Protein chains: 2
Amino acid sequence: MSKVNLKLSVGASALSAVLMCYSSAWAMQPVTIIDQGVFAAGGTVIEAKTTFDPYHPTAAGQTLHGDHTVVHYQVPQNPRQYPIMFLHGAGQHTRTWDTTPDGRDGFRNLFLEDGYPVYLINEPHTADAGRATVTHTIKATPDDQFWYGQFRMGLWPNFYEGSVFPQDKESMEQFFRQMTPDTAPFDVSVEAAAITAAMERVGDNILVTHSRGCSVGWAVGMHSDHVKGLVAYEPGMRFPFPRGEAPQAIPNAGFFGPNQPVEVSSEEFANLTRYPIVIYYGDFIPKTVTDNPYQDYWRAALQMAREFAACINRHGGDAQVIELPELGIKGNSHFPFAEKNNVQVAQVLKDWLEYKQLTARAQP
Amino acid sequence: MSKVNLKLSVGASALSAVLMCYSSAWAMQPVTIIDQGVFAAGGTVIEAKTTFDPYHPTAAGQTLHGDHTVVHYQVPQNPRQYPIMFLHGAGQHTRTWDTTPDGRDGFRNLFLEDGYPVYLINEPHTADAGRATVTHTIKATPDDQFWYGQFRMGLWPNFYEGSVFPQDKESMEQFFRQMTPDTAPFDVSVEAAAITAAMERVGDNILVTHSRGCSVGWAVGMHSDHVKGLVAYEPGMRFPFPRGEAPQAIPNAGFFGPNQPVEVSSEEFANLTRYPIVIYYGDFIPKTVTDNPYQDYWRAALQMAREFAACINRHGGDAQVIELPELGIKGNSHFPFAEKNNVQVAQVLKDWLEYKQLTARAQP
């Protein structure tokens with residue numbers, strides 16, 4: 001009540017000034033864009049090998065283009081040499097990297113403002129890239145509270161203590177509405193093939209992935225020559241290892257079974273040693289076994305990530321696993337790039353890019 | 001071959017200069033962006049009224065947020081007062097208004113460059129806004145050639161004579177891959193409710209719609225106070241009329257049955273008379289009955305559009321139907337804003353906005 005009274009007691013122009021301050025704190029730093037747009041890449045075509053009769057149309061003789069990626073891009077003035085390509089995780093779309101649930105700049109704007117051309121990838125079979133070559137049923141099964149747990153926001157209905165996830169009603173509403181369903185069963189090789197094709201068009205780049213997108217990212221990183229740095233936020237499963245070198249699966253109390261490594265050829269794996277890799281995790285991941293099923297899933301994921309990084313390094317590569325709390329950045333869920341401290345989380349990545357000499361400006 | 005030889009015979013720097021010219025012809029005019037992002041609006045929540053057990057998660061006690069719209073926006077420096085909100089048609093997503101199939105600027109960039117804040121709407125149940133509150137099966141049925149006909153590109157495999165659709169292989173590939181499926185059955189009232197909610201956030205605006213999106217646009221225009229101008233490219237079906245004033249359905253040889261008007265209350269219809277409306281159609285629409293089923297569908301659509309505009313004007317409104325060929329703009333399909341002459345098509349709209357006094361700059 002006192003808040004309402006306060007608002008009513010200020011004059012219109014004073015209120016307007018307050019609102020302007022509030023709004024300018026949220027608006028981005030102005031950026032001059034020299035090019036922006038969208039393209040499709042990769043994908044397959046299915047075709048019935050008969051003749052199409054336009055006067056009596058059936059599926060006969062028609063085609064269906066599907067399984068492609070759709071990529072949105074922006075290039076700022078005086079751009080850096082390497083664009084950043086951002087790949088979302090399961091159930092998400094490009095919003096992962098765009099406006100945060102509480103309406104502030106996400107990584108898209110933060111890195112664009114810093115001079116990076118930004119490419120937002122729609123994984124095949126999601127969002128703009130929804131056209132698939134197989135029939136699929138999307139079930140309207142309520143699952144918000146499950147994902148709340150899996151995303152380590154807390155154990156419903158309570159946020160973990162110290163959480164930096166924006167917890168007001170409107171932010172939660174925005175967050176739940178940034179989910180969009182897969183339109184076909186997930187298949188790493190199909191998704192990776194399309195994104196590898198997109199890189200033929202984009203050229204050398206830094207690939208930043210999240211969650212399930214990380215497993216696609218490892219596959220892209222093994223097959224494209226254009227990855228110059230690979231950044232993975234919170235990979236869960238499907239870490240690759242050279243055949244014969246995979247560790248044991250890691251049992252855990254989560255809902256996705258034991259954390260199983262994926263065996264790949266030594267040639268494929270060797271490709272992951274050609275450029276620097278960094279893997280980031282947020283907070284609330286215990287060091288030891290717990291009966292909280294969601295947290296225990298992430299305990300196993302983090303342990304497998306460390307095995308993966310060690311294997312990369314044994315093979316002459318450069319991989320690092322960083323828990324943000326070790327840097328003093330605390331309270332993050334599975335979405336560190338979208339929470340209240342995301343400017344700080346972005347700075348950690350910017351520093352890493354600087355350290356790995358990936359920040360040069362493009363030749364004019 | 002001679003083209004390849006020519007390329008090989010020029011020196012590296014000359015070639016580079018040629019490529020730069022080529023590329024700068026395609027790149028946008030630089031625009032300084034002062035704000036950009038994404039938000040969800042409207043939608044519903046389904047919830048099982050039981051208790052959620054995070055340790056044994058089932059659907060019980062969980063929620064699902066769906067049926068919302070997802071809107072991407074950009075605000076240029078020194079913006080005009082009224083943003084333009086763009087709504088795509090069936091099977092399409094925001095790419096309708098973005099990069100053309102042949103890789104040039106679409107209406108998104110052309111109007112942003114001209115100072116309009118641009119809002120790209122994802123209709124509920126498509127693309128980024130794919131989360132629905134009903135279960136739905138997406139069939140992978142080949143249908144590219146049917147839509148080629150329905151979109152008046154030609155009668156497969158031949159383009160209509162004089163078509164300005166970019167016909168090279170890569171453009172066709174890009175076009176077929178800009179389709180993305182509906183994730184729930186189309187329902188005008190659900191789609192319109194979410195977009196009406198988005199307008200509460202955006203404020204007064206100019207709504208530009210395409211094809212099936214036009215029928216959603218009429219519904220939004222009847223229910224939001226924020227529409228200050230309504231532009232419809234190629235509406236097909238579901239034109240609203242006041243109860244008792246609807247004309248007879250128009251039979252046609254197309255595949256969607258007779259063109260049926262929709263009856264609404266006189267109060268709802270009256271809302272469509274509060275602001276200017278313009279309806280544009282492309283080329284290849286015959287004046288009289290034809291046995292080409294696709295063209296005959298559009299003959300009926302155009303006829304119903306004229307009935308609709310006449311009814312608006314009888315009720316004191318301001319609606320106009322413009323066939324682009326009457327302005328000397330020829331060869332357009334169902335996608336006039338994305339074909340080779342789209343700069344010219346955009347200019348027609350810019351002139352209309354000027355004429356209707358919708359072009360003022362925002363107060364700084």
Side-chain angles (χ1 to χ4, degrees), chain A residues 27-28 30-40 43 46-48 52 54-55 57 59 61-66 68 77 93-95 98-99 109 127-146 149 155-156 173-174 176-181 183 255 293, chain B residues 27-28 30-40 43 46-48 52 54-55 57 59 61-66 68 70 77 93-95 98-99 109 127-146 149 155-156 174 176-181 183 255 293:
Chain A
M28 73 188 292
V31 174
T32 298
I33 302 294
I34 60 170
D35 198 12
Q36 64 178 18
V38 55
F39 62 88
I46 57 174
E47 178 168 13
F52 175 62
Y55 288 90
Q62 297 205 63
T63 57
L64 183 161
H65 288 65
H68 44 266
Q77 214 162 34
H93 64 90
T94 58
R95 167 126 193 206
D98 208 327
T99 307
N109 285 2
D128 294 351
R131 196 89 155 124
T133 53
V134 295
T135 292
H136 185 67
T137 297
I138 301 172
K139 292 198 177 134
T141 308
D143 58 5
D144 291 336
Q145 285 68 21
F146 170 79
L155 204 59
W156 186 267
E173 173 88 3
Q174 289 292 319
F176 283 135
R177 296 190 184 283
Q178 79 180 47
M179 300 288 280
T180 198
T183 56
F255 298 104
Chain B
M28 72 189 291
V31 175
T32 298
I33 302 293
I34 60 169
D35 198 12
Q36 63 178 19
V38 56
F39 62 88
I46 56 174
E47 178 168 13
F52 175 62
Y55 288 90
Q62 296 205 64
T63 56
L64 183 160
H65 288 64
H68 44 266
V70 172
Q77 215 162 33
H93 63 90
T94 59
R95 167 127 194 206
D98 207 327
T99 307
N109 285 1
D128 293 352
R131 196 90 155 123
T133 53
V134 294
T135 292
H136 184 68
T137 296
I138 301 172
K139 292 200 179 134
T141 308
D143 58 6
D144 291 335
Q145 285 67 23
F146 170 78
L155 204 59
W156 185 268
Q174 288 293 319
F176 284 135
R177 295 189 185 282
Q178 78 180 48
M179 299 289 280
T180 197
T183 57
F255 299 104

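Letters A, B, ... mirror the listed sequences (proteins, then strands); counts begin at 1. Not measured: the values here are computed from a predicted model.
- Residues B:Q36 and A:T99 come closest through the heavy atom pair O-OG1, 4.4 Å.
- The parts of A:V38 that come within reach of chain B are both its backbone and its side chain, each placing non-hydrogen atoms under 4.5 angstrom from that chain.
- In this structure, the side chains of A:M28 and B:I34 stay at 4.5 Å or more apart for every pair of heavy atoms.
- Judged by distance alone, with hydrogens and angles left aside, the side-chain atoms of B:R131 form no donor-acceptor pair with the main-chain N or O of A:P181 at under 3.5 Å.
- Contact record, A:L64 with B:P142: CB-CA, 3.8 Å, taken as the closest heavy-atom pair.
- For A:F255 against B:Y55, the heavy-atom pair with the smallest separation is CZ-O, 3.5 Å.
- A:T137 places no side-chain N or O within donor-acceptor distance of the main-chain N or O of B:H136, the cut-off being under 3.5 Å.
- In this structure, the side chain of B:N109 does not engage the main chain of A:G37 through any donor-acceptor pair within 3.5 Å.
- Here A:D128 is the residue among A:I33, A:D128, A:D98, A:V31 with the most heavy-atom pairs under 4.5 Å with chain B.
- The candidate with the highest count of non-hydrogen atom pairs below 4.5 Å against chain A, out of B:L155, B:D143, B:T183, B:I46, is B:D143.
- Within the 3.5 Å criterion, the main-chain N or O of A:A127 finds a donor-acceptor partner in the side chain of B:T180.
- Scanning both residues, B:F146 and A:F52, for their nearest heavy atoms gives N-CZ, 3.8 Å.
- In terms of heavy-atom pairs under 4.5 angstrom with chain A, the leader among B:G66, B:A40, B:P30 is B:A40.
- Remark: side-chain polar atoms of B:Q174 are not paired, donor with acceptor, to backbone N or O of A:F39 under 3.5 angstrom.
- Interface remark: A:A59 contributes backbone and side-chain atoms alike to the contact with chain B (heavy atom separation under 4.5 Å).
- Under the side-chain hydrogen bond (donor to acceptor under 3.5 Å, both in side chains) criterion, B:Q77 pairs with no residue at all, not counting sequence neighbours.
- Minimum interatomic distance between A:T135 and B:A140 (heavy atoms only, all atoms of both residues): OG1-N, 3.0 Å.
- Counting heavy-atom pairs under 4.5 Å between each of A:T94, A:D144, A:T32 and chain B puts A:D144 at the top.
- Scanning for side-chain hydrogen bond (donor to acceptor under 3.5 Å, both in side chains) contacts around B:Q145 gives A:T63, with sequence neighbours left out.
- The contact between B:V70 and chain A is made entirely by side chain atoms (from C-beta outward), counting heavy-atom distances below 4.5 Å.
- Within the 4.5 angstrom heavy-atom criterion, atoms from both the backbone and the side chain of B:T141 approach chain A.
- For the residue pair A:P54 and B:P293, the shortest heavy atom distance occurs at O-CG, 4.2 Å.
- Side-chain atoms of A:H65 and B:R177 form no donor-acceptor pair, as typed in the model, at a separation below 3.5 Å.
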